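None of these values were measured; they are calculated from a predicted model.
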Amino acid sequence: MIYLDNAATSWPKPESVYLTMDQFLRNRGGNAGHGSHSLASAAQQVIDETRLLTARFIGAPEVDRLIFTANCTDSINLALKGLLKPGDEVITSSLEHNAVMRPLEKLRQMGITVTQVPVSPHTGYTEPEILEKAITARTRLVAMIHISNVSGVVQPVGEYGAITRKHHVLLLVDAAQSVGHLRLDIVRDNIDLLAFSAHKGPLGPTGVGVLYISPGVNPDTLREGGTGLFSESGSQPEKYPQK
């Protein structure tokens with residue numbers, strides 16, 4: 001077989017991935033954070049180490065604000081629906097994946113203004129000056145894909161970040177196609193929220209997504225449940241990453 005679908009999911013995985021997953025399930029398969037016995041502690045150690053290494057990889061300054069989700073789509077939904085309220089405006093590009101466009105359509109029906117800026121016929125991406133002109137007093141968030149899954153064009157997210165920081169607007173970057181291929185840095189690029197998954201460029205397993213939430217950004221929860229900590233409270237904890 002000649003496999004050419006790595007933009008959808010990477011395959012085959014490195015041998016080390018198969019071995020690590022097998023050894024984890026055989027030797028460390030406890031419920032992390034839900035007990036003090038050796039298997040639970042071993043599982044939590046692996047998660048903590050993975051969180052630290054992932055945070056370092058994207059230049060994230062606060063490890064606990066790196067959240068593991070089900071996939072990149074889950075991360076994007078948490079960011080968009082956790083932050084945007086009726087009356088807010090969100091700006092996005094015409095390059096976006098349905099993982100962004102469909103949640104935004106749902107939010108549009110709930111009273112959120114969705115402004116879609118065009119891409120340049122010369123460069124294939126949204127020119128930064130066009131983005132800046134689109135920002136209004138109601139703009140809460142800019143949501144941009146880093147690399148288009150259709151055309152492969154790379155958008156200048158660092159330039160977008162300089163603009164959003166200047167106007168005190170949040171920047172969400174969909175990095176599903178770029179993490180593992182291009183170097184991103186949360187601080188350098190002024191990214192407030194970064195979403196990606198493990199199974200593409202990082203060459204990891206399916207069923208794991210990441211959302212980095214910068215300090216000062218605090219989306220509402222979409223789901224509540226058991227965290228293994230603060231079990232005496234009936235409310236979802238505010239502490240990251242358990243929130």
Side-chain angles (χ1 to χ4, degrees), residues 7-10 32 47-48 50-85 88 90-93 95-107 112 114 140-149 155 157 160-161 164 169-182 184-187 189-225 227 236 239-243:
T9 192
S10 57
I47 292 173
D48 291 344
T50 304
R51 193 186 309 277
L52 174 62
L53 292 172
T54 306
R56 287 177 176 173
F57 187 65
I58 61 173
E62 292 197 17
V63 174
D64 285 348
R65 298 187 72 89
L66 191 139
I67 310 303
F68 291 123
T69 65
N71 47 49
C72 189
T73 298
D74 193 36
S75 297
I76 290 168
N77 271 266
L78 174 56
L80 294 175
K81 294 175 181 176
L83 286 169
L84 296 171
K85 309 298 180 188
D88 288 342
V90 55
I91 297 174
T92 192
S93 80
L95 290 176
E96 302 308 307
H97 190 275
N98 275 340
V100 169
M101 294 311 301
R102 285 177 173 166
L104 288 182
E105 174 58 24
K106 180 75 170 182
L107 290 168
I112 289 154
V114 179
R140 167 81 165 136
L141 177 75
V142 170
M144 289 290 192
I145 198 167
H146 189 193
I147 298 180
S148 168
N149 65 299
Q155 297 214 101
V157 295
Y160 300 158
T164 53
V169 172
L170 299 177
L171 175 64
L172 164 64
V173 173
D174 172 4
Q177 299 292 347
S178 60
V179 169
H181 299 292
L182 296 182
L184 273 168
D185 188 285
I186 293 285
V187 175
D189 296 327
N190 294 309
I191 297 171
D192 297 291
L193 302 113
L194 182 74
F196 62 97
S197 56
H199 70 99
K200 297 191 181 192
L203 303 176
T206 55
V208 181
V210 172
L211 178 64
Y212 183 73
I213 306 170
S214 293
V217 182
N218 194 26
D220 290 340
T221 56
L222 300 188
R223 292 183 294 274
E224 295 75 40
T227 56
Q236 193 72 4
K239 179 179 171 58
Y240 281 75
Q242 287 82 11
K243 180 176 179 178

| Are K243 and D64 within salt-bridge range, i.e. N to O under 4.0 Å? | no

Heavy-atom donor-acceptor pair, [X] side chain to [Y] backbone, under 3.5 Å:
X	Y	value
D192	S214	no
R65	I213	yes
Q177	A7	yes

Would you say the side chain of [Y] lies within less than 4.5 Å of the side chain of [X], judging by non-hydrogen atoms?
X	Y	answer
N149	I147	no
L170	V217	yes
L141	L172	yes
Q155	S93	yes
V208	S197	no

| field | Pairs touching residues 72-82 that satisfy salt bridge (Lys or Arg N to Asp or Glu O under 4.0 Å), sequence neighbours left out | value | D74-R223

| Any chance the side chains of H146 and S178 put a donor and an acceptor closer than 3.5 Å? | yes

| task | Check whether more than 12 heavy atoms from other residues, nucleotides or ligands sit under 6.0 Å from atom NZ of K85, and answer yes or no. | result | yes

| Going through the checks in order, is the side chain to side chain contact (heavy atoms under 4.5 Å, CB included) test met by V157 and L184? | CA-CA 9 Å; V157 295; L184 273 168; 4.0 Å; yes

